[in-house]
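I have placed the structure first, in the form of structure tokens, so that the comments after it can refer back to it.
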2 protein chains.
Amino acid sequence: MVSIHRRIFEDLEAMIVSGVWPPGYRIPFEHELVQEYQCSRMTVNKALSALAGRGMIIRRRKVGSFVASPQIDRTVMDIQDISTEAELAGHDHSYRILMRNIETLDSATAAQLGEPIGAQILRLHCLHSVDGKPNALERRIIMLAMVPSARTENFSSVPPGKWLLDMVPWSKARHVIRAVSADAATARLLETERGEACLTLIRQTWQGSRTVTYVEIIHPGDRFQFAGDFHPSERGVMDQLPRRSAS
Amino acid sequence: MVSIHRRIFEDLEAMIVSGVWPPGYRIPFEHELVQEYQCSRMTVNKALSALAGRGMIIRRRKVGSFVASPQIDRTVMDIQDISTEAELAGHDHSYRILMRNIETLDSATAAQLGEPIGAQILRLHCLHSVDGKPNALERRIIMLAMVPSARTENFSSVPPGKWLLDMVPWSKARHVIRAVSADAATARLLETERGEACLTLIRQTWQGSRTVTYVEIIHPGDRFQFAGDFHPSERGVMDQLPRRSAS
DNA sequence: TGTATCTATTTGTATAGACAAAAGCGGGTC
DNA sequence: GACCCGCTTTTGTCTATACAAATAGATACA
């Protein structure tokens, strides 16, 4: 059983996504949709407001509602936790802690992170393998002031990325993707050639204005890529199905 | 003059984004907000529905509405047209057409694009420079059936990417980011070393179910990166248990 | 003790009606 | 022509009301 405003939303969305109604097309007026769906204007309005809120249409008083032009310069990339990603794809994932040091921030790193010199950090190096083959080298810094419980965690059963997601709330994240050539140490760990092109993801996560963690994840370029789809329906989220209670 | 539902939306959003109301926090019931803002429930409901539609809160009948956890595994990357990007950053951009051939799709490329063998295409190679230094090598395929006017366009004044954006409507795009080592020809054009790590962006654009254009843009790794910020308004919906209650 | 049922609470959906705000349009005036 | 004025259309907002759906918690019962 689908609600009326939901059905209107989906019908119009289909026309837009399929390209039947191209950018600039004037969609029917509210009163026309009221006629078509035999419902009240508020119901139509709710569907159209949702489309407008998602940037799929532009509405102008006295003129009408028009299909918006999608912006090609923004795309949603899926950048998942390595273990989650491997499990989703049905692969076997394992990892090994290579280094686990408690240190204080030196000036160069402090500047890079935008945090004060001398702050206590946990530095972690971790090698991830998928189906037995090295897939990523993780170099992480955790701010101990923000995550005091990391001081006593040894990450033997849950990888650091997943552990942090479960433990620590955060409010902002920044991702950077770079291509770099593998140095000798990295190449050896990833079982690839020195100089091989690697895809590096850098993620810095904040809570409020303070860094929670900073991580570089280095993937061998011949075994990894990032992918992202963009179409108008992915501009936001509409599905909000009620959660089923665990019995 | 700001509407009431808008003000409610913004007030609640501020509490969530600032972290005053952490993930799992139960926000006030509709009837409490009705009291607080002295308006009807429909007005409150509109604000809360908008927050739910953006994935910032989870609503459950009989239980209440709760601040959602942001998903770390999705991020919005700015992937702009090269000329636009350079101009925005205040740099000088120039480009040179290296190749412009009308061909028919061979079987390998056809399979890669998911288009029929033998379809007519325009193949373009183009070198982009920023501030006089090579910054990107663009290898593009344009489906002439979808963009007939490309047959007579020589792209002497507008680069192909920008020209296509202005000329052709599209409904879906897919981006892939890879790290590859430069081969000899690429290295020569980009004025870098053979084997240097390069960041390659592949974009395929569709209208409906048919490809409009396919392009590989190869950047020298030492001069380029992709960056993306996570925005709170782009959170996804997550299933999670309430953690704390409002008093 | 465990289970089925009832009840109260909260959100979800829909309606009819009202007025406000924006803006295209035409008419009148100079 | 340029400008101002008012009419009309369309969207924006808000209200009061109503009933439906989900479900946590209480209660009755086997």
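Chain letters run A, B, ... following the sequence lines, proteins first and then strands; every chain starts at 1. Worth knowing before you read on, the calculation uses all heavy atoms, side chains too, and leaves out hydrogens, waters and symmetry mates. Fair warning: this is a prediction, and the values are worked out from it, not measured in the lab.
The side chain of B:S3 places an N or O atom within less than 4.0 Å of a non-bridging phosphate oxygen (OP1 or OP2) of D:dT13. Checking the phosphate oxygens (OP1, OP2) of C:dT9, no side-chain nitrogen or oxygen of B:H31 falls inside 4.0 Å. Contact check, A:S65 against D:dT11: a side-chain N or O comes under 4.0 Å of OP1 or OP2.
Under 3.5 Å, the side chains of B:Q204 and B:R174 contain no donor-acceptor pair of N or O atoms.
Scanning for side chain to side chain contact (heavy atoms under 4.5 Å, CB included) contacts around A:F29 gives A:R26, A:H31, A:E32, with sequence neighbours left out. Listed by chain and residue number, B:E30 satisfy the side chain to side chain donor-acceptor pair (under 3.5 Å) test with B:R41 (two or more places apart in sequence, or in another chain). Not counting sequence neighbours, A:R210 has no partner by the side chain to side chain donor-acceptor pair (under 3.5 Å) test. Residues meeting the side chain to side chain contact (heavy atoms under 4.5 Å, CB included) test with A:A14, sequence neighbours left out: none. Among residues two or more places apart in sequence or in another chain, the salt bridge (Lys or Arg N to Asp or Glu O under 4.0 Å) test is passed with A:R151 by none.
Distance from the side chain of A:H5 is smallest to C:dA14 among C:dA14, C:dT15, D:dC14. Comparing C:dG12, D:dT13, D:dT17 by their nearest atom to the side chain of B:M42 picks out D:dT17. When the nucleotides D:dC14, D:dT13, C:dT11 are ranked by their closest atom to the side chain of B:T43, D:dC14 comes out on top.
The CD1-P distance, from B:I4 to D:dT13, rounds to 11 Å in whole Å. For the pair B:E30 CD and C:dT9 C1', the computed distance is 12 Å after rounding to whole Å. For the pair B:Y37 OH and D:dC14 P, the interatomic distance rounds to 13 Å; values are reported in whole Å. The CG atom of A:L33 sits 18 Å away from the P atom of D:dT9 (whole-angstrom rounding). A straight line from CG of A:N45 to P of C:dT15 spans 13 Å, rounded to a whole angstrom. Note: NZ (B:K46) to C1' (C:dT11) measures 18 Å, nearest angstrom. Between A:I8 atom CD1 and C:dT15 atom C1' there is a gap of 13 Å when expressed in whole angstrom units. When the P atom of D:dT11 is taken as reference, atom CZ of B:R6 falls 20 Å away, rounded to whole Å.
Checking side-chain atoms of B:S65 against main-chain N and O of B:I58 turns up no donor-acceptor pair under 3.5 Å.
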Close N or O pairs between protein and nucleotides 19-25 of chain C (under 3.5 Å):
from	atom 1	to	atom 2	distance (Å)
C:dA21	N3	A:R61	NE	3.4
C:dG24	OP1	A:R60	NH2	2.9

